[in-house]
Amino acid sequence: MNVQTRRQFVVRAGTVAASAILSPSALAAGLGSARPAALARGGRFSEGVMSGEPTPSAITLWTRLADAEGKVSLDLEVATDKSFRHVVAHKRLPTSAAVNHNVKTRITGLKAHEQYYYRFATATKDGPIGRFRTALPADSLQPVRFAFWSCQDYTHGYYNAHEAMAREDLDFVICLGDYIYDETYHTVKDGTGVRDDKVGRAQQASGQAGVNYVRAAETLDQYREKYSLYRSDESLRKVQARFPTVMLWDDHEVQDNYAGGAPDGGLPPEHHYSKKRQAAAYKAFFEAMPYSPPKPDRIYRRLAFGRTVDLIVMDQRQYRANQPCDDATGVPACADYDQPRDLLGRTQMNWVKSQLSASKAAWKVMANEVTIMPTRVLGGAFFGFDSWDGYPQEREELLAHIQNQQIKDVVFVTGDIHTFIAGDVRTAAGTGDPTAIEFVGGSVTSSGLGETDLPAGGGVIIKGNDRNPHTDPSIIDALKGINPWVDQADFDHHGYGKVVATKDSFDCEMVRLQTIKKKSTAKLQSTGMHYRVARGQQSIKGTAM
(Lines give C-alpha, C1' and ligand atoms only; values in the text may rest on other atoms or scores of the structure.)
Protein backbone atom coordinates (compact mmCIF):
# COMPACT_ATOMS: atom_id res chain seq x y z
CA MET A 1 0.00 0.00 0.00
CA ASN A 2 1.24 3.48 -0.64
CA VAL A 3 1.06 6.09 2.11
CA GLN A 4 -1.74 8.02 0.42
CA THR A 5 -3.98 4.94 0.16
CA ARG A 6 -3.41 4.04 3.81
CA ARG A 7 -4.32 7.56 4.86
CA GLN A 8 -7.41 7.46 2.65
CA PHE A 9 -8.82 4.26 4.07
CA VAL A 10 -8.12 5.24 7.66
CA VAL A 11 -10.03 8.49 7.16
CA ARG A 12 -12.87 7.27 4.97
CA ALA A 13 -13.74 3.95 6.57
CA GLY A 14 -16.47 3.82 9.14
CA THR A 15 -19.71 3.14 7.28
CA VAL A 16 -18.82 -0.51 6.83
CA ALA A 17 -17.91 -2.97 9.55
CA ALA A 18 -15.21 -5.66 9.43
CA SER A 19 -14.99 -8.41 12.00
CA ALA A 20 -12.25 -11.00 12.27
CA ILE A 21 -13.41 -14.62 12.17
CA LEU A 22 -11.05 -16.61 14.35
CA SER A 23 -10.97 -20.31 15.09
CA PRO A 24 -10.83 -21.57 18.69
CA SER A 25 -7.16 -22.40 18.14
CA ALA A 26 -6.50 -18.83 17.02
CA LEU A 27 -8.20 -17.47 20.12
CA ALA A 28 -6.18 -19.85 22.27
CA ALA A 29 -3.05 -18.52 20.61
CA GLY A 30 -3.92 -15.03 21.79
CA LEU A 31 -5.01 -13.69 18.39
CA GLY A 32 -8.27 -12.37 19.79
CA SER A 33 -6.58 -9.94 22.16
CA ALA A 34 -7.15 -6.21 21.93
CA ARG A 35 -3.52 -5.63 20.90
CA PRO A 36 -2.88 -7.49 17.64
CA ALA A 37 0.60 -8.48 16.60
CA ALA A 38 2.75 -6.16 14.53
CA LEU A 39 2.13 -5.87 10.82
CA ALA A 40 3.99 -8.59 8.93
CA ARG A 41 7.09 -7.51 7.03
CA GLY A 42 7.73 -10.75 5.14
CA GLY A 43 5.76 -13.63 3.63
CA ARG A 44 4.02 -14.16 0.30
CA PHE A 45 0.42 -14.03 -0.94
CA SER A 46 1.15 -17.01 -3.17
CA GLU A 47 -2.29 -18.62 -2.74
CA GLY A 48 -4.22 -15.56 -3.82
CA VAL A 49 -7.45 -14.30 -2.29
CA MET A 50 -11.01 -15.59 -1.99
CA SER A 51 -14.43 -14.24 -1.11
CA GLY A 52 -17.46 -16.22 -0.03
CA GLU A 53 -20.90 -16.34 1.60
CA PRO A 54 -22.31 -13.30 -0.25
CA THR A 55 -25.43 -11.68 1.20
CA PRO A 56 -27.00 -8.33 0.26
CA SER A 57 -24.90 -6.53 2.87
CA ALA A 58 -21.94 -8.77 3.72
CA ILE A 59 -19.10 -10.95 2.42
CA THR A 60 -16.34 -13.13 3.92
CA LEU A 61 -12.79 -12.46 2.67
CA TRP A 62 -9.80 -14.81 2.92
CA THR A 63 -6.10 -14.98 2.23
CA ARG A 64 -3.02 -16.79 3.52
CA LEU A 65 0.44 -15.36 4.16
CA ALA A 66 2.85 -18.11 3.13
CA ASP A 67 6.35 -18.29 4.66
CA ALA A 68 5.31 -16.12 7.59
CA GLU A 69 6.74 -16.66 11.07
CA GLY A 70 5.15 -16.25 14.47
CA LYS A 71 2.23 -13.99 15.32
CA VAL A 72 1.74 -11.22 12.77
CA SER A 73 -1.03 -9.06 11.38
CA LEU A 74 -2.24 -8.10 7.91
CA ASP A 75 -4.08 -5.02 6.74
CA LEU A 76 -7.24 -5.34 4.66
CA GLU A 77 -9.00 -2.65 2.68
CA VAL A 78 -12.23 -2.84 0.69
CA ALA A 79 -13.11 -0.25 -1.96
CA THR A 80 -15.71 0.54 -4.58
CA ASP A 81 -13.02 0.99 -7.26
CA LYS A 82 -10.02 -0.99 -8.41
CA SER A 83 -7.64 1.91 -7.75
CA PHE A 84 -8.74 1.99 -4.09
CA ARG A 85 -9.50 5.71 -4.11
CA HIS A 86 -12.89 5.09 -2.50
CA VAL A 87 -12.14 2.81 0.44
CA VAL A 88 -15.17 1.81 2.50
CA ALA A 89 -13.65 -0.59 5.04
CA HIS A 90 -10.34 -1.48 6.60
CA LYS A 91 -9.20 -3.88 9.28
CA ARG A 92 -5.96 -5.06 10.84
CA LEU A 93 -6.22 -8.83 11.19
CA PRO A 94 -4.01 -11.12 13.31
CA THR A 95 -2.79 -14.57 12.34
CA SER A 96 -0.24 -17.17 13.42
CA ALA A 97 1.07 -20.65 12.79
CA ALA A 98 -1.84 -22.00 14.86
CA VAL A 99 -4.08 -21.34 11.84
CA ASN A 100 -1.31 -21.83 9.23
CA HIS A 101 -1.24 -18.03 8.76
CA ASN A 102 -4.69 -18.06 7.16
CA VAL A 103 -6.78 -14.91 7.62
CA LYS A 104 -10.48 -14.41 7.08
CA THR A 105 -12.96 -11.76 8.07
CA ARG A 106 -16.63 -10.88 7.62
CA ILE A 107 -17.32 -7.46 6.11
CA THR A 108 -20.81 -6.08 6.81
CA GLY A 109 -22.74 -2.92 5.98
CA LEU A 110 -22.24 -3.21 2.22
CA LYS A 111 -24.72 -2.20 -0.50
CA ALA A 112 -26.77 -4.91 -2.21
CA HIS A 113 -25.71 -6.19 -5.64
CA GLU A 114 -22.70 -3.88 -5.84
CA GLN A 115 -19.20 -4.74 -6.99
CA TYR A 116 -16.32 -4.16 -4.57
CA TYR A 117 -12.56 -4.66 -4.64
CA TYR A 118 -10.31 -5.79 -1.81
CA ARG A 119 -6.70 -6.53 -0.98
CA PHE A 120 -4.62 -7.61 1.99
CA ALA A 121 -1.19 -6.12 2.72
CA THR A 122 1.92 -6.50 4.84
CA ALA A 123 4.08 -3.58 5.91
CA THR A 124 6.10 -3.93 2.73
CA LYS A 125 3.75 -5.04 -0.06
CA ASP A 126 0.17 -5.32 -1.25
CA GLY A 127 -1.39 -8.67 -2.02
CA PRO A 128 -3.36 -9.45 -5.19
CA ILE A 129 -6.60 -7.57 -5.81
CA GLY A 130 -9.85 -9.50 -5.56
CA ARG A 131 -13.37 -8.47 -6.42
CA PHE A 132 -16.83 -9.58 -5.39
CA ARG A 133 -20.46 -8.73 -5.99
CA THR A 134 -22.88 -8.72 -3.07
CA ALA A 135 -26.18 -10.59 -3.36
CA LEU A 136 -29.42 -9.11 -4.66
CA PRO A 137 -31.70 -7.32 -2.20
CA ALA A 138 -34.35 -9.53 -0.63
CA ASP A 139 -37.23 -8.28 -2.78
CA SER A 140 -35.36 -8.31 -6.11
CA LEU A 141 -36.52 -10.31 -9.14
CA GLN A 142 -33.37 -9.61 -11.15
CA PRO A 143 -31.52 -12.47 -12.87
CA VAL A 144 -28.91 -14.47 -10.97
CA ARG A 145 -25.81 -15.74 -12.81
CA PHE A 146 -23.63 -18.47 -11.37
CA ALA A 147 -21.47 -21.45 -12.30
CA PHE A 148 -21.09 -24.78 -10.52
CA TRP A 149 -18.08 -27.06 -10.62
CA SER A 150 -16.37 -29.91 -8.77
CA CYS A 151 -13.64 -32.52 -8.82
CA GLN A 152 -10.36 -30.81 -9.69
CA ASP A 153 -7.71 -33.52 -9.39
CA TYR A 154 -4.51 -31.47 -9.64
CA THR A 155 -2.52 -34.12 -11.48
CA HIS A 156 -4.88 -35.39 -14.17
CA GLY A 157 -5.23 -32.26 -16.28
CA TYR A 158 -4.89 -28.51 -16.55
CA TYR A 159 -7.50 -26.20 -15.09
CA ASN A 160 -8.80 -25.05 -18.47
CA ALA A 161 -12.31 -24.95 -17.04
CA HIS A 162 -11.23 -22.37 -14.48
CA GLU A 163 -9.46 -20.30 -17.12
CA ALA A 164 -12.69 -20.22 -19.14
CA MET A 165 -14.88 -19.67 -16.08
CA ALA A 166 -12.82 -16.66 -15.00
CA ARG A 167 -13.92 -14.89 -18.21
CA GLU A 168 -17.64 -15.29 -17.49
CA ASP A 169 -19.97 -12.66 -16.01
CA LEU A 170 -21.08 -14.35 -12.79
CA ASP A 171 -22.49 -13.32 -9.43
CA PHE A 172 -20.83 -16.28 -7.69
CA VAL A 173 -19.59 -19.84 -8.23
CA ILE A 174 -20.40 -23.02 -6.32
CA CYS A 175 -17.76 -25.65 -5.60
CA LEU A 176 -19.68 -28.90 -5.11
CA GLY A 177 -16.77 -30.71 -3.50
CA ASP A 178 -13.50 -32.52 -4.18
CA TYR A 179 -11.63 -29.22 -4.14
CA ILE A 180 -8.55 -31.22 -3.18
CA TYR A 181 -7.79 -34.91 -3.57
CA ASP A 182 -6.26 -36.41 -0.48
CA GLU A 183 -5.00 -39.27 -2.66
CA THR A 184 -2.72 -38.97 -5.68
CA TYR A 185 -3.90 -41.19 -8.54
CA HIS A 186 -1.89 -39.91 -11.52
CA THR A 187 1.72 -39.13 -12.27
CA VAL A 188 3.56 -37.68 -15.23
CA LYS A 189 5.67 -40.85 -15.33
CA ASP A 190 2.70 -43.22 -15.75
CA GLY A 191 1.38 -41.11 -18.63
CA THR A 192 -1.98 -40.19 -17.09
CA GLY A 193 -0.83 -37.06 -15.25
CA VAL A 194 0.20 -33.67 -16.61
CA ARG A 195 1.86 -32.62 -13.33
CA ASP A 196 2.78 -34.32 -10.09
CA ASP A 197 1.41 -34.14 -6.55
CA LYS A 198 3.99 -35.47 -4.08
CA VAL A 199 2.13 -34.51 -0.90
CA GLY A 200 1.42 -37.30 1.58
CA ARG A 201 2.63 -40.71 2.59
CA ALA A 202 3.46 -43.35 -0.01
CA GLN A 203 0.65 -45.91 -0.15
CA GLN A 204 0.33 -49.60 -0.78
CA ALA A 205 -3.49 -49.77 -0.56
CA SER A 206 -5.92 -49.30 -3.41
CA GLY A 207 -8.88 -46.96 -3.50
CA GLN A 208 -12.53 -47.88 -3.95
CA ALA A 209 -13.23 -50.30 -6.80
CA GLY A 210 -9.55 -51.30 -6.79
CA VAL A 211 -8.29 -47.96 -8.14
CA ASN A 212 -4.65 -47.62 -7.13
CA TYR A 213 -3.25 -44.46 -5.62
CA VAL A 214 0.37 -43.68 -4.90
CA ARG A 215 0.20 -41.13 -2.06
CA ALA A 216 -2.33 -39.87 0.46
CA ALA A 217 -2.54 -36.98 2.91
CA GLU A 218 -3.09 -38.15 6.48
CA THR A 219 -1.91 -35.36 8.78
CA LEU A 220 -2.94 -31.74 9.30
CA ASP A 221 0.30 -30.50 7.73
CA GLN A 222 -0.26 -32.69 4.68
CA TYR A 223 -3.85 -31.54 4.18
CA ARG A 224 -2.64 -27.95 4.48
CA GLU A 225 0.03 -28.65 1.86
CA LYS A 226 -2.68 -29.93 -0.50
CA TYR A 227 -4.51 -26.58 -0.46
CA SER A 228 -1.26 -24.73 -1.09
CA LEU A 229 -0.40 -27.03 -4.00
CA TYR A 230 -3.79 -26.71 -5.66
CA ARG A 231 -3.71 -22.93 -5.28
CA SER A 232 -0.36 -22.75 -7.02
CA ASP A 233 -2.46 -22.93 -10.19
CA GLU A 234 -2.99 -19.46 -11.67
CA SER A 235 -6.32 -20.29 -13.34
CA LEU A 236 -7.84 -21.44 -10.04
CA ARG A 237 -6.59 -18.29 -8.34
CA LYS A 238 -8.24 -16.17 -11.07
CA VAL A 239 -11.68 -17.70 -10.47
CA GLN A 240 -11.34 -17.31 -6.72
CA ALA A 241 -10.26 -13.66 -7.03
CA ARG A 242 -13.06 -12.72 -9.42
CA PHE A 243 -16.18 -14.34 -7.94
CA PRO A 244 -17.44 -15.25 -4.47
CA THR A 245 -17.19 -19.01 -3.94
CA VAL A 246 -19.87 -20.95 -2.09
CA MET A 247 -18.00 -23.95 -0.70
CA LEU A 248 -19.02 -27.44 0.26
CA TRP A 249 -17.04 -30.63 0.48
CA ASP A 250 -17.42 -34.16 -0.81
CA ASP A 251 -15.23 -37.14 0.08
CA HIS A 252 -11.74 -36.32 -1.21
CA GLU A 253 -11.30 -33.39 1.16
CA VAL A 254 -10.90 -36.23 3.69
CA GLN A 255 -10.68 -39.63 1.99
CA ASP A 256 -12.23 -41.45 -0.97
CA ASN A 257 -15.82 -42.57 -0.27
CA TYR A 258 -15.58 -42.09 3.48
CA ALA A 259 -18.78 -42.14 5.54
CA GLY A 260 -18.46 -39.58 8.33
CA GLY A 261 -21.19 -41.10 10.47
CA ALA A 262 -19.49 -44.51 10.66
CA PRO A 263 -16.81 -45.05 13.36
CA ASP A 264 -14.43 -46.58 10.80
CA GLY A 265 -15.47 -44.21 8.00
CA GLY A 266 -16.92 -47.20 6.18
CA LEU A 267 -13.41 -48.02 4.97
CA PRO A 268 -11.16 -51.08 5.42
CA PRO A 269 -8.31 -50.81 7.97
CA GLU A 270 -5.59 -50.58 5.32
CA HIS A 271 -6.97 -47.16 4.29
CA HIS A 272 -5.85 -45.69 7.63
CA TYR A 273 -9.07 -43.79 8.30
CA SER A 274 -9.49 -42.34 11.78
CA LYS A 275 -11.56 -39.64 13.46
CA LYS A 276 -8.28 -37.82 14.12
CA ARG A 277 -7.54 -37.82 10.39
CA GLN A 278 -11.05 -36.55 9.61
CA ALA A 279 -10.67 -33.78 12.20
CA ALA A 280 -7.34 -32.73 10.68
CA ALA A 281 -8.92 -32.60 7.22
CA TYR A 282 -11.86 -30.54 8.50
CA LYS A 283 -9.56 -28.10 10.27
CA ALA A 284 -7.51 -27.59 7.11
CA PHE A 285 -10.70 -27.09 5.08
CA PHE A 286 -12.16 -24.43 7.36
CA GLU A 287 -8.83 -22.63 7.68
CA ALA A 288 -8.49 -22.46 3.91
CA MET A 289 -12.04 -21.46 2.93
CA PRO A 290 -14.02 -18.20 3.08
CA TYR A 291 -16.63 -19.76 5.34
CA SER A 292 -16.81 -20.25 9.10
CA PRO A 293 -19.58 -22.50 10.43
CA PRO A 294 -22.09 -21.17 12.97
CA LYS A 295 -21.80 -24.52 14.73
CA PRO A 296 -18.75 -26.83 14.73
CA ASP A 297 -18.18 -28.34 11.28
CA ARG A 298 -21.67 -27.48 10.00
CA ILE A 299 -21.67 -26.68 6.28
CA TYR A 300 -25.35 -27.12 5.41
CA ARG A 301 -26.91 -23.69 5.04
CA ARG A 302 -29.08 -21.46 2.83
CA LEU A 303 -28.08 -18.42 0.80
CA ALA A 304 -30.73 -16.17 -0.76
CA PHE A 305 -30.36 -14.21 -3.99
CA GLY A 306 -33.38 -11.94 -4.05
CA ARG A 307 -36.66 -13.66 -4.86
CA THR A 308 -35.01 -15.42 -7.80
CA VAL A 309 -32.86 -18.13 -6.16
CA ASP A 310 -32.70 -19.81 -2.78
CA LEU A 311 -29.50 -21.87 -2.67
CA ILE A 312 -29.82 -24.81 -0.26
CA VAL A 313 -26.40 -26.28 0.49
CA MET A 314 -26.36 -29.87 1.76
CA ASP A 315 -23.73 -31.98 3.53
CA GLN A 316 -23.83 -35.57 2.28
CA ARG A 317 -20.57 -36.79 3.88
CA GLN A 318 -20.31 -35.85 7.52
CA TYR A 319 -23.46 -37.55 8.79
CA ARG A 320 -23.85 -40.50 6.42
CA ALA A 321 -23.95 -44.11 7.52
CA ASN A 322 -21.78 -46.67 5.78
CA GLN A 323 -22.73 -47.35 2.18
CA PRO A 324 -24.60 -50.62 1.62
CA CYS A 325 -23.40 -53.66 -0.32
CA ASP A 326 -19.74 -53.13 0.61
CA ASP A 327 -19.77 -50.00 -1.57
CA ALA A 328 -19.31 -52.24 -4.63
CA THR A 329 -19.69 -51.06 -8.23
CA GLY A 330 -21.50 -52.73 -11.11
CA VAL A 331 -23.42 -55.21 -8.92
CA PRO A 332 -27.12 -55.75 -8.11
CA ALA A 333 -28.62 -54.55 -4.84
CA CYS A 334 -27.73 -56.68 -1.82
CA ALA A 335 -30.13 -58.03 0.81
CA ASP A 336 -29.90 -55.06 3.19
CA TYR A 337 -29.96 -52.40 0.48
CA ASP A 338 -33.38 -50.90 1.21
CA GLN A 339 -32.93 -50.35 4.94
CA PRO A 340 -33.07 -47.13 7.00
CA ARG A 341 -29.71 -45.46 6.51
CA ASP A 342 -28.62 -41.86 7.07
CA LEU A 343 -27.29 -39.76 4.22
CA LEU A 344 -28.28 -36.30 5.42
CA GLY A 345 -29.24 -37.52 8.88
CA ARG A 346 -32.45 -36.60 10.72
CA THR A 347 -31.49 -33.09 11.85
CA GLN A 348 -30.29 -32.02 8.41
CA MET A 349 -33.17 -33.76 6.60
CA ASN A 350 -35.71 -31.87 8.70
CA TRP A 351 -33.85 -28.63 8.04
CA VAL A 352 -33.75 -29.21 4.24
CA LYS A 353 -37.47 -29.99 4.15
CA SER A 354 -38.29 -26.90 6.17
CA GLN A 355 -36.18 -24.70 3.89
CA LEU A 356 -37.94 -26.06 0.81
CA SER A 357 -41.36 -25.54 2.34
CA ALA A 358 -40.58 -21.98 3.44
CA SER A 359 -38.90 -20.82 0.24
CA LYS A 360 -40.69 -18.16 -1.78
CA ALA A 361 -37.94 -17.97 -4.40
CA ALA A 362 -38.65 -18.66 -8.05
CA TRP A 363 -35.99 -21.41 -8.04
CA LYS A 364 -35.00 -23.71 -5.20
CA VAL A 365 -31.44 -24.71 -6.14
CA MET A 366 -30.05 -27.72 -4.26
CA ALA A 367 -26.24 -27.73 -4.00
CA ASN A 368 -25.86 -31.49 -4.19
CA GLU A 369 -22.62 -33.47 -3.79
CA VAL A 370 -23.72 -36.81 -5.25
CA THR A 371 -26.26 -37.69 -7.95
CA ILE A 372 -29.89 -38.04 -6.93
CA MET A 373 -30.92 -39.59 -10.26
CA PRO A 374 -30.36 -43.36 -10.10
CA THR A 375 -27.50 -44.79 -12.16
CA ARG A 376 -28.06 -48.31 -13.45
CA VAL A 377 -25.88 -50.47 -15.67
CA LEU A 378 -26.43 -53.80 -17.43
CA GLY A 379 -28.63 -56.43 -15.85
CA GLY A 380 -30.24 -54.00 -13.44
CA ALA A 381 -26.94 -53.61 -11.56
CA PHE A 382 -26.10 -50.39 -9.72
CA PHE A 383 -23.21 -48.26 -10.95
CA GLY A 384 -22.41 -47.72 -7.26
CA PHE A 385 -23.85 -47.05 -3.82
CA ASP A 386 -21.96 -43.91 -2.81
CA SER A 387 -24.67 -41.61 -4.24
CA TRP A 388 -28.32 -41.15 -3.21
CA ASP A 389 -28.79 -44.59 -4.84
CA GLY A 390 -27.29 -46.15 -1.72
CA TYR A 391 -29.73 -44.36 0.58
CA PRO A 392 -33.13 -45.08 -1.00
CA GLN A 393 -35.30 -44.35 2.04
CA GLU A 394 -33.90 -40.86 2.57
CA ARG A 395 -34.12 -40.23 -1.17
CA GLU A 396 -37.80 -41.14 -1.25
CA GLU A 397 -38.50 -39.13 1.91
CA LEU A 398 -37.07 -35.96 0.38
CA LEU A 399 -38.79 -36.39 -2.98
CA ALA A 400 -42.10 -37.30 -1.32
CA HIS A 401 -41.90 -34.06 0.65
CA ILE A 402 -41.34 -32.05 -2.54
CA GLN A 403 -44.21 -33.86 -4.25
CA ASN A 404 -46.69 -33.85 -1.37
CA GLN A 405 -46.07 -30.22 -0.49
CA GLN A 406 -46.39 -29.33 -4.19
CA ILE A 407 -43.05 -27.52 -4.14
CA LYS A 408 -42.30 -26.49 -7.71
CA ASP A 409 -39.13 -25.45 -9.52
CA VAL A 410 -36.58 -27.48 -7.56
CA VAL A 411 -33.27 -27.98 -9.38
CA PHE A 412 -30.38 -30.14 -8.16
CA VAL A 413 -26.91 -29.04 -9.31
CA THR A 414 -24.48 -31.88 -8.75
CA GLY A 415 -20.83 -32.92 -8.90
CA ASP A 416 -18.93 -36.09 -7.89
CA ILE A 417 -19.45 -38.45 -10.83
CA HIS A 418 -17.12 -36.69 -13.33
CA THR A 419 -19.79 -36.84 -16.03
CA PHE A 420 -22.15 -34.33 -17.62
CA ILE A 421 -25.71 -35.57 -17.14
CA ALA A 422 -29.08 -33.81 -17.45
CA GLY A 423 -32.38 -35.40 -16.58
CA ASP A 424 -35.48 -35.72 -14.44
CA VAL A 425 -35.52 -36.55 -10.74
CA ARG A 426 -38.35 -39.04 -10.29
CA THR A 427 -39.82 -40.74 -7.25
CA ALA A 428 -39.87 -44.53 -6.73
CA ALA A 429 -36.21 -45.05 -7.69
CA GLY A 430 -36.79 -43.33 -11.01
CA THR A 431 -40.00 -45.11 -11.99
CA GLY A 432 -42.41 -42.57 -10.48
CA ASP A 433 -43.38 -39.00 -11.20
CA PRO A 434 -40.94 -36.23 -12.19
CA THR A 435 -40.47 -34.11 -9.07
CA ALA A 436 -37.36 -32.04 -9.78
CA ILE A 437 -34.60 -31.60 -12.36
CA GLU A 438 -30.91 -32.44 -12.06
CA PHE A 439 -27.89 -31.01 -13.88
CA VAL A 440 -24.59 -32.82 -13.22
CA GLY A 441 -21.68 -30.58 -14.16
CA GLY A 442 -18.92 -32.98 -15.15
CA SER A 443 -15.52 -32.41 -13.52
CA VAL A 444 -12.83 -29.79 -13.84
CA THR A 445 -10.14 -32.44 -14.40
CA SER A 446 -10.89 -35.67 -12.52
CA SER A 447 -11.08 -38.83 -14.62
CA GLY A 448 -14.37 -39.18 -16.49
CA LEU A 449 -16.12 -42.40 -17.39
CA GLY A 450 -14.66 -42.28 -20.90
CA GLU A 451 -11.13 -42.06 -19.51
CA THR A 452 -11.39 -45.12 -17.26
CA ASP A 453 -12.54 -48.69 -17.55
CA LEU A 454 -16.26 -48.58 -16.75
CA PRO A 455 -17.85 -51.55 -14.92
CA ALA A 456 -21.12 -51.96 -16.85
CA GLY A 457 -22.60 -54.85 -14.85
CA GLY A 458 -22.51 -58.60 -15.31
CA GLY A 459 -18.71 -58.55 -15.47
CA VAL A 460 -18.75 -56.37 -18.61
CA ILE A 461 -16.05 -53.68 -18.72
CA ILE A 462 -16.26 -50.77 -21.16
CA LYS A 463 -12.68 -49.78 -21.90
CA GLY A 464 -11.71 -46.14 -21.53
CA ASN A 465 -8.89 -44.10 -23.04
CA ASP A 466 -7.17 -41.56 -20.82
CA ARG A 467 -5.38 -39.67 -23.58
CA ASN A 468 -8.19 -39.67 -26.15
CA PRO A 469 -11.57 -40.50 -24.60
CA HIS A 470 -14.26 -41.18 -27.16
CA THR A 471 -17.21 -43.17 -25.83
CA ASP A 472 -19.23 -44.80 -28.60
CA PRO A 473 -22.60 -42.97 -28.81
CA SER A 474 -24.33 -46.36 -28.94
CA ILE A 475 -23.03 -47.09 -25.43
CA ILE A 476 -24.47 -43.83 -24.09
CA ASP A 477 -27.75 -44.55 -25.89
CA ALA A 478 -27.87 -48.01 -24.33
CA LEU A 479 -27.24 -46.62 -20.86
CA LYS A 480 -29.88 -43.94 -21.42
CA GLY A 481 -32.28 -46.75 -22.27
CA ILE A 482 -31.53 -48.37 -18.90
CA ASN A 483 -31.84 -44.96 -17.21
CA PRO A 484 -34.88 -43.44 -18.97
CA TRP A 485 -34.91 -40.41 -16.65
CA VAL A 486 -31.64 -39.22 -18.27
CA ASP A 487 -31.94 -36.90 -21.27
CA GLN A 488 -28.30 -36.25 -22.21
CA ALA A 489 -24.86 -37.35 -21.02
CA ASP A 490 -21.22 -36.77 -21.94
CA PHE A 491 -18.65 -39.21 -20.54
CA ASP A 492 -15.57 -37.76 -22.24
CA HIS A 493 -15.20 -34.05 -21.52
CA HIS A 494 -14.55 -31.71 -18.61
CA GLY A 495 -15.90 -28.33 -17.62
CA TYR A 496 -18.66 -26.79 -15.54
CA GLY A 497 -22.31 -25.77 -15.51
CA LYS A 498 -23.31 -22.16 -16.20
CA VAL A 499 -26.70 -20.85 -15.06
CA VAL A 500 -28.79 -17.75 -15.67
CA ALA A 501 -31.86 -17.91 -13.43
CA THR A 502 -34.68 -15.41 -13.90
CA LYS A 503 -38.13 -15.10 -12.41
CA ASP A 504 -39.45 -17.07 -15.41
CA SER A 505 -36.72 -19.50 -16.50
CA PHE A 506 -33.65 -21.49 -15.46
CA ASP A 507 -31.07 -21.54 -18.25
CA CYS A 508 -28.29 -24.11 -17.78
CA GLU A 509 -25.45 -24.65 -20.24
CA MET A 510 -22.98 -27.49 -19.81
CA VAL A 511 -19.70 -25.76 -20.71
CA ARG A 512 -17.35 -28.44 -22.04
CA LEU A 513 -13.67 -27.96 -22.84
CA GLN A 514 -12.07 -29.76 -25.76
CA THR A 515 -9.13 -31.01 -23.71
CA ILE A 516 -7.45 -30.92 -20.31
CA LYS A 517 -4.16 -32.49 -21.42
CA LYS A 518 -2.79 -29.21 -22.75
CA LYS A 519 -3.59 -25.64 -21.81
CA SER A 520 -6.51 -24.41 -23.92
CA THR A 521 -9.86 -22.70 -23.48
CA ALA A 522 -11.32 -24.16 -26.70
CA LYS A 523 -14.88 -25.32 -26.04
CA LEU A 524 -17.31 -27.72 -27.65
CA GLN A 525 -20.56 -26.43 -29.09
CA SER A 526 -23.29 -26.35 -26.47
CA THR A 527 -25.86 -27.88 -28.85
CA GLY A 528 -27.64 -30.72 -27.10
CA MET A 529 -26.25 -29.77 -23.67
CA HIS A 530 -28.10 -26.52 -23.08
CA TYR A 531 -31.50 -26.26 -21.41
CA ARG A 532 -33.97 -23.51 -20.67
CA VAL A 533 -36.44 -24.66 -18.03
CA ALA A 534 -39.69 -22.73 -17.62
CA ARG A 535 -41.36 -22.17 -14.26
CA GLY A 536 -43.58 -25.11 -13.47
CA GLN A 537 -41.80 -27.44 -15.93
CA GLN A 538 -41.39 -30.86 -14.33
CA SER A 539 -39.43 -32.67 -17.05
CA ILE A 540 -36.58 -31.75 -19.40
CA LYS A 541 -36.75 -34.92 -21.50
CA GLY A 542 -36.34 -33.99 -25.14
CA THR A 543 -35.94 -30.26 -24.51
CA ALA A 544 -32.19 -29.75 -25.03
CA MET A 545 -31.33 -26.74 -27.14
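Scored by the side-chain hydrogen bond (donor to acceptor under 3.5 Å, both in side chains) test, H530 finds D507 as partners (sequence neighbours excluded). Shown here are the salt bridge (Lys or Arg N to Asp or Glu O under 4.0 Å) partners of D197, two or more places apart in sequence or in another chain: K226. D389 is linked by a salt bridge (Lys or Arg N to Asp or Glu O under 4.0 Å) to R376, counting only residues two or more places apart in sequence or in another chain. Under the side-chain hydrogen bond (donor to acceptor under 3.5 Å, both in side chains) criterion, T471 pairs with D492, not counting sequence neighbours. Contacts of T419 classified as side-chain hydrogen bond (donor to acceptor under 3.5 Å, both in side chains), with partners at least two apart in sequence or in another chain: none. Residues passing the salt bridge (Lys or Arg N to Asp or Glu O under 4.0 Å) test with R41, sequence neighbours excluded: none. Take Y319 and apply the ring-ring contact (aromatic ring centres under 6.0 Å, His included) test, not counting sequence neighbours, and it matches no residue. For Y181, the ring-ring contact (aromatic ring centres under 6.0 Å, His included) partners at least two apart in sequence or on another chain are H252. Under the ring-ring contact (aromatic ring centres under 6.0 Å, His included) criterion, Y117 pairs with no residue at all, not counting sequence neighbours. Among residues two or more places apart in sequence or in another chain, the salt bridge (Lys or Arg N to Asp or Glu O under 4.0 Å) test is passed with R145 by none. By the ring-ring contact (aromatic ring centres under 6.0 Å, His included) test, Y496 is found to be paired with no residue, residues two or more places apart in sequence or in another chain being considered.
The minimum heavy-atom distance linking M50 with P290 is given by the pair CE-CD, 3.6 Å.
A donor-acceptor distance shorter than 3.5 angstrom exists from the side chain of D233 to the backbone of L236, with no hydrogens or angles considered. Formation of a donor-acceptor pair under 3.5 Å by the E253 side chain with backbone atoms of D250 is found in this model. When atom types are taken as modelled, the side chain of K523 and the backbone of V511 share no donor-acceptor pair closer than 3.5 angstrom.
If you look at F382 and Y337, their ring centroids are closer than 6.0 Å. For F243 and F172, the gap between ring centers reaches or exceeds 6.0 Å. Taking the ring centroids of F286 and W249, they lie under the 6.0 Å cut-off.
With respect to R320 and D342, no salt bridge is recorded, no charged nitrogen being found less than 4.0 Å from a carboxylate O. Between E183 and R215 no salt bridge is recorded (no basic side-chain N to carboxylate O distance below 4.0 Å). Between R341 and E394, no side-chain nitrogen of the basic residue sits less than 4.0 Å from a carboxylate oxygen of the acidic one, so the salt-bridge criterion is not met. Ion pairing between R277 and D182 holds under the 4.0 Å rule for side-chain N and carboxylate O. Using a cutoff of 4.0 Å between basic side-chain nitrogens and carboxylate oxygens, R317 and D386 are scored as salt-bridged. Under a 4.0 Å N-O distance rule, the pair D196/K189 does not qualify as a salt bridge.
In this structure, Y118 and F132 have tilted ring planes: the angle between them lies in the 30° to 60° band. Aromatic ring orientation, W149 versus H162: perpendicular (interplanar angle above 60°, classes split at 30° and 60°).
Under the salt bridge (charged side-chain N to carboxylate O under 4.0 Å, His left out) criterion, the residue pairs touching residues 44-54 are R44-D67, E47-R64, E53-R301, with sequence neighbours excluded.
Atom NZ of K275 has more than 12 neighbouring heavy atoms from other residues, nucleotides or ligands inside a 6.0 Å radius.
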Exercise. Does the side chain to side chain contact (heavy atoms under 4.5 Å, CB included) test come out yes or no for N368 and L176, once each step is laid out?
Worked result: CA-CA 7 Å; N368 186 47; L176 294 164; 5.7 Å; no
